[in-house]
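Working notes for the structure below.
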Amino acid sequence: MGIRGVVAAWVLLLGLPASVLAQSRTLNGYEAVPLTRGPQNHLFVQGSVNGQTANFLVDTGAEPNFLQSDRAERLGVRLTGAAAFTGKRSFPVGSVDDLRLGRLSLGTTTFSIYRAAQLGGPVPGPGGRAADGIIGRDLLRRYKAVINCRARQLFLRGNAAPSLNLAAVARAQGFTAIPIEETRRGLTVPCVIRGRPGRLLVDTGAFLSGLDDDAARVLGLAGQPSAATARRFDGSVRPLQLVQVDDLKIGGVAIPPQKIVMADLFTQKQLRAVSGIRQIEFYAARPGARGDRIYGLLGSELLDIHQAIIDLDTLTLFMK
């Protein structure tokens, strides 16, 4: 992939010092954009909308891009008259004339415009303030994004740039490559729990990893009370349980025994909510057939601990 591609891969994998990154802001046709980690493990990217600064949560669990309605008005977003349907809800579509992330101009981009109440509350943002919106899979996939969760870097591929082939460099640095499958429910990776194969949704918007309570029961795992709570879309709050998982493998990566959240993630009556303080994600999705069952979410805390690199060009998750 050439010397510049090798440098880019090493920057991505190792999180080289800022002085090195500053000299290589555009590597092999990819734009390097710094990410910020919030107090609840979320990753944020700062950009500009029509020349005005805006902060976005980077969320591989969300398909469209979102802008909060009051921020959209301030940022000069034009409503197109169209509507987008997500989780059986309708959102007006707005058009942004100039979206920029780092030095890369993404030009005209569409966003689904939401009111905070529609997503179970404001989207958490950096510094304890609400984010202006969400950058979802639609844009991340279009620009062949590479997300380095530990080094907090987002690389976006420019027009006609060659692909960053990370596999060889990743293997040399002790990473395991795990294939990502893109389905109507999102990005999933294979896992095995107690000898039973299934899948997990790769969700940088989830501040904690979690198991669906039905899946936990099928796996013979019992929940334990905890102080954490989840807020439903009707505004009600209920306690969450924890479950001890001793033998989780994600692809070929063994996860040390630990307690993770257990919740009703796949109730059809609920829609997906963006996680915030002491909240967790909900999905309107069916569990899937045996062998393809989605057991739960691979969230930000495990992605960070295992130095995950999410390559949305080749659909590969690299973990240690």
Side-chain angles (χ1 to χ4, degrees), residues 37-43 57 59-61 120-121 124 147 149-150 152 175-176 178 180 185-232 236-267 270 272-283 285 287-288 293-310 317-320:
R37 187 171 293 282
Q40 292 89 46
N41 289 323
H42 298 110
L43 290 171
L57 185 149
D59 190 353
T60 59
I147 305 168
C149 297
R150 172 56 67 89
R152 302 174 192 174
F175 285 83
T176 297
I178 303 167
I180 296 173
R185 293 186 290 272
L187 305 174
T188 70
V189 289
C191 71
V192 177
I193 302 176
R194 306 193 79 179
R196 299 190 182 188
R199 304 192 72 83
L200 296 173
L201 285 156
V202 181
D203 194 345
T204 59
F207 74 108
L208 290 173
S209 300
L211 283 184
D212 176 56
D213 55 4
D214 284 340
R217 281 190 286 270
V218 168
L219 294 166
L221 299 172
Q224 306 167 18
S226 77
T229 59
R231 183 174 61 189
R232 294 177 180 267
S236 64
V237 176
R238 65 184 178 90
L240 291 171
Q241 292 188 310
L242 296 177
V243 61
Q244 179 70 31
V245 180
D246 294 327
D247 53 359
L248 168 62
K249 288 189 70 174
I250 300 173
V253 178
I255 307 300
Q258 60 192 283
K259 291 181 179 180
I260 64 175
V261 167
M262 184 181 78
D264 181 7
L265 298 176
F266 301 114
T267 300
Q270 293 176 336
R272 185 177 185 281
V274 177
S275 54
I277 299 175
R278 298 170 68 82
Q279 298 170 32
I280 194 143
E281 307 272 345
F282 289 97
Y283 284 79
R293 184 185 181 102
I294 296 179
Y295 286 152
L297 310 175
L298 174 55
S300 285
E301 95 288 11
L302 285 182
L303 291 170
D304 180 42
I305 291 169
H306 291 274
Q307 303 182 39
I309 298 171
I310 305 169
L317 171 65
F318 299 98
M319 292 178 67
K320 282 189 175 182

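All residue numbers in this chain count up from 1 along the given sequence.
Listed for the Arg199 side chain is no donor-acceptor partner under 3.5 Å among the backbone atoms of Ile294. Looking only at distances, a side-chain donor or acceptor of Arg196 sits under 3.5 Å from a matching main-chain atom of Val218.
Among Val202, Leu303, Thr60, the single residue meeting the side chain to side chain contact (heavy atoms under 4.5 Å, CB included) criterion with Ile147 is Thr60.
One finds the NZ atom of Lys259 at 9.5 Å from the OG atom of Ser226 (value rounded to the nearest 0.5 Å). Atom CG in Leu208 sits 9.0 Å away from atom OG in Ser300 (nearest 0.5 Å). A distance of 10.0 Å separates OG1 in Thr176 from CG in Leu317, rounded to the nearest 0.5 Å. In this structure, the separation between CG on Leu219 and CG on Asp247 is 9.0 Å, given to the nearest 0.5 Å. We find the CZ-OG1 distance between Arg293 and Thr188 to be 14.0 Å, quoted to the nearest 0.5 Å.
Side-chain atoms of Glu301 and Ser209 form a donor-acceptor pair, as typed in the model, at a separation below 3.5 Å.
Here the side chains of Met262 and Gln241 are in contact, with some heavy-atom distance below 4.5 Å. A 4.5 Å side-chain heavy-atom check between Tyr295 and Asp212 finds every atom pair outside the cut-off. Side-chain contact between Leu248 and Cys191: present, with at least one pair of heavy atoms (C-beta onward) separated by less than 4.5 Å. Contact of the Arg217 side chain with the Leu221 side chain is not registered, since no non-hydrogen atoms from C-beta on lie closer than 4.5 Å. By the 4.5 Å heavy-atom criterion applied to side chains, Gln244 and Pro257 are counted as neighbours. You'll find the side chain of Ile305 stays beyond 4.5 Å of the side chain of Ile255, heavy atoms only. Under the 4.5 Å side-chain criterion, counting only non-hydrogen atoms from C-beta, Val189 is not in contact with Leu201. Residues Ile178 and Phe318 fail the side-chain proximity criterion, which asks for heavy atoms closer than 4.5 Å.
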Run the side chain to side chain contact (heavy atoms under 4.5 Å, CB included) check on Leu57 and Thr204 step by step: do they pass?
CA-CA 9 Å; Leu57 185 149; Thr204 59; 5.6 Å; no
Do Met319 and Gln307 pass the side chain to side chain contact (heavy atoms under 4.5 Å, CB included) test, and can you show the C-alpha distance, the side-chain angles, and the key distance before you say yes or no?
CA-CA 6 Å; Met319 292 178 67; Gln307 303 182 39; over 6 Å; no
Check step by step if side chain to side chain contact (heavy atoms under 4.5 Å, CB included) holds for Leu211 and Ile193.
CA-CA 11 Å; Leu211 283 184; Ile193 302 176; 3.8 Å; yes
Test Leu242 against Ile260 for side chain to side chain contact (heavy atoms under 4.5 Å, CB included), laying out the working first.
CA-CA 5 Å; Leu242 296 177; Ile260 64 175; over 6 Å; no
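Taking a cutoff of 4.0 Å between a charged side-chain nitrogen and a carboxylate oxygen, Arg37 and Asp304 qualify as a salt bridge.
Of all the heavy atoms in Asn41 and Phe207, the pair that sits closest is ND2-O, 3.3 Å.
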